[in-house]
Amino acid sequence: MAKKTQEFVCQNCGAAYNRWQGKCDACGEWNTISEENAAAERVFSGPGRPPRKGKPFPLAPLAGEQKEAPRIASKNGEFDRVAGGGLVPGSVLLVGGDPGIGKSTLLIQIAAALAAAGHRAVYITGEESVAQVRLRAERLGLTKIPVELAAETSVEDIIATLSQGKVPRLVVIDSIQTMWTDMVESSPGTVTQVRASAQLLIRFAKRAGAAVILVGHVTKDGQIAGPRVVEHMVDAVLSFEGEGGHHFRILRAVKNRFGPTDEIGVFEMTGGGLSEVSNPSALFLSERDLGAPGTAVFAGMEGTRPLLVEIQALVAPTSLGTPRRAVVGWDPSRLAMVLAVLEAHCGVKLGGYDVYLNVAGGLRIAEPAADLAAAAALVSSLAKTPLPSDAVHFGEVSLSGAVRPVSHAPARLKEAQKLGFARAVVPDATRGAERDGLALAPVASLADLVARIVPNRPAQRREAKS
């Protein structure tokens, strides 16, 4: 009998070592390395099985008919937008999110929508009982829809059950960390079990043509728990985000082989489940405090969708030796750059002030077009001068203090006009993109923006010097 060798695997990143150690050199985490059976890597060849001799396969040229991948619409516009137009048969999606954010609610609604359209949809839960899922379906009003339900964690039993009868169009596995297979000698939830279980489900999806959605746990920093190789194995990785204090959720594509990765879907959590938000700009601006200093409306883009969101800033005198810089929803490095440009080229001294910046509603902004709106909110808070409530801002700030143009300016202006805004503070290169009922206020540099917000500031500086 072959001797079984042992190896030590990090449960956070999947790195393997020959001996135990307290800290993982790959990810830097402590006490995440545990002992596992090295024979588990031979999942698909089997112990003692001779290697199979390969057989040749035909090769195709680059030229040929190009066909769009067929898709199954889930009748949920926001989910289909993020997925790239619908579910592709044979694809595998990995959905991650904080506990209690609404992953199970969203996926049972998607399964019910497909089942109501005449497709076979199966929901496999490994964390809850059948009765708990039925209670959720009863609260959502989905009990009369023929969704097949089971509470099972054995991957072999799940695949054997799904292979009987009509091939399901959608299979939801909630969650992949609870699945286990007999071919691996380790506990459920470990790196080896998660990787092996995911590989078996992916092979079933590709062979049977069923779309499989895997639910994944997330770590404290928001990353999907388990080996990162699982994210490379699946076709799409979706992140379900939201704050507990807000009633809306955001579905974002981190990876998608069949569609764009910069689209978002916005949902609102209601008593009847997650409802689609067709106009998220109105939702993000619904509770805006008009006339308050330190608030600016940013006209941004999330994929192909224009989105208006409020940026809030608070500049307060500090009582510490080192002023605080706190950012929620934006890149802290870009805030540091905007503060440096304001001080170097505009004479706005913020070294003795604490600076707090927040994107209202819990939305995360990644594009540099928010520089101009953030700078306007900072100057407005420092000068205690409210910005016009009917104005939007967008533009990228360079290190020289110049305001550079950004892409999709017509779409941003159209969204602002649709929501009733009358003016837009834009880069100087955006001239000529005026729309009826929307006036442009172009600025060439950040100093021009400061002069617009505080027009008498230069005179005040001269008086102070005299």
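Side-chain atoms are counted along with the backbone in the values below, which use heavy atoms only and exclude waters and symmetry mates. For clarity, every value in this text was computed on a predicted model and none was experimentally measured.
- Across all non-hydrogen atoms, the minimal contact from L142 to A112 is CD1-CB, 3.8 Å.
- Ring-centre distance between F284 and F248: below the 6.0 Å cut-off.
- Under the 4.5 Å side-chain criterion, counting only non-hydrogen atoms from C-beta, R334 is in contact with P368.
- Between the side chain of K206 and the main chain of G90, a donor-acceptor pair closer than 3.5 Å is present.
- Of the possible donor and acceptor atoms, none in the side chain of S380 sits under 3.5 Å from a partner among the backbone N and O of A376.
- Judged by distance alone, with hydrogens and angles left aside, the side-chain atoms of R288 form a donor-acceptor pair with the main-chain N or O of S389 at under 3.5 Å.
- Taken from CZ in R325 to CG in L339, the straight-line distance is 5.5 Å, to the nearest 0.5 Å.
- Of the possible polar contacts, none joining the R81 side chain to the G265 backbone as a donor-acceptor pair under 3.5 Å is found.
- Taking the side chain as every heavy atom from C-beta outward, V348 and E343 never approach each other to under 4.5 Å.
- Annotation: side chain of V92 is not in contact with side chain of L201 (no heavy-atom distance under 4.5 Å).
- At most 12 heavy atoms of other shown residues, nucleotides or ligands fall within 6.0 angstrom of atom CZ in R324.
- To the nearest 0.5 Å, the span separating CZ on R412 from NZ on K414 amounts to 15.0 Å.
- More than 12 heavy atoms of other residues, nucleotides or ligands sit less than 6.0 Å from atom CZ of F204.
- Taking 4.0 Å as the cut-off between side-chain N and carboxylate O, E231 and K255 do not count as a salt-bridged pair.
- Here the side chains of E127 and S175 are in contact, with some heavy-atom distance below 4.5 Å.
- For T125, the side-chain contact (heavy atoms from CB on, under 4.5 Å) partners are Y123, E128, V133, A151, not counting sequence neighbours.
- One side chain, S398 or S400, offers a donor N or O that lies under 3.5 Å from an acceptor on the other.
- A salt bridge between E78 and R305 is present, with a side-chain N of the basic residue lying under 4.0 Å from a carboxylate O of the acidic one.
- Expressed to the nearest 0.5 Å, how far CG of L387 lies from CD1 of I453 amounts to 5.0 Å.
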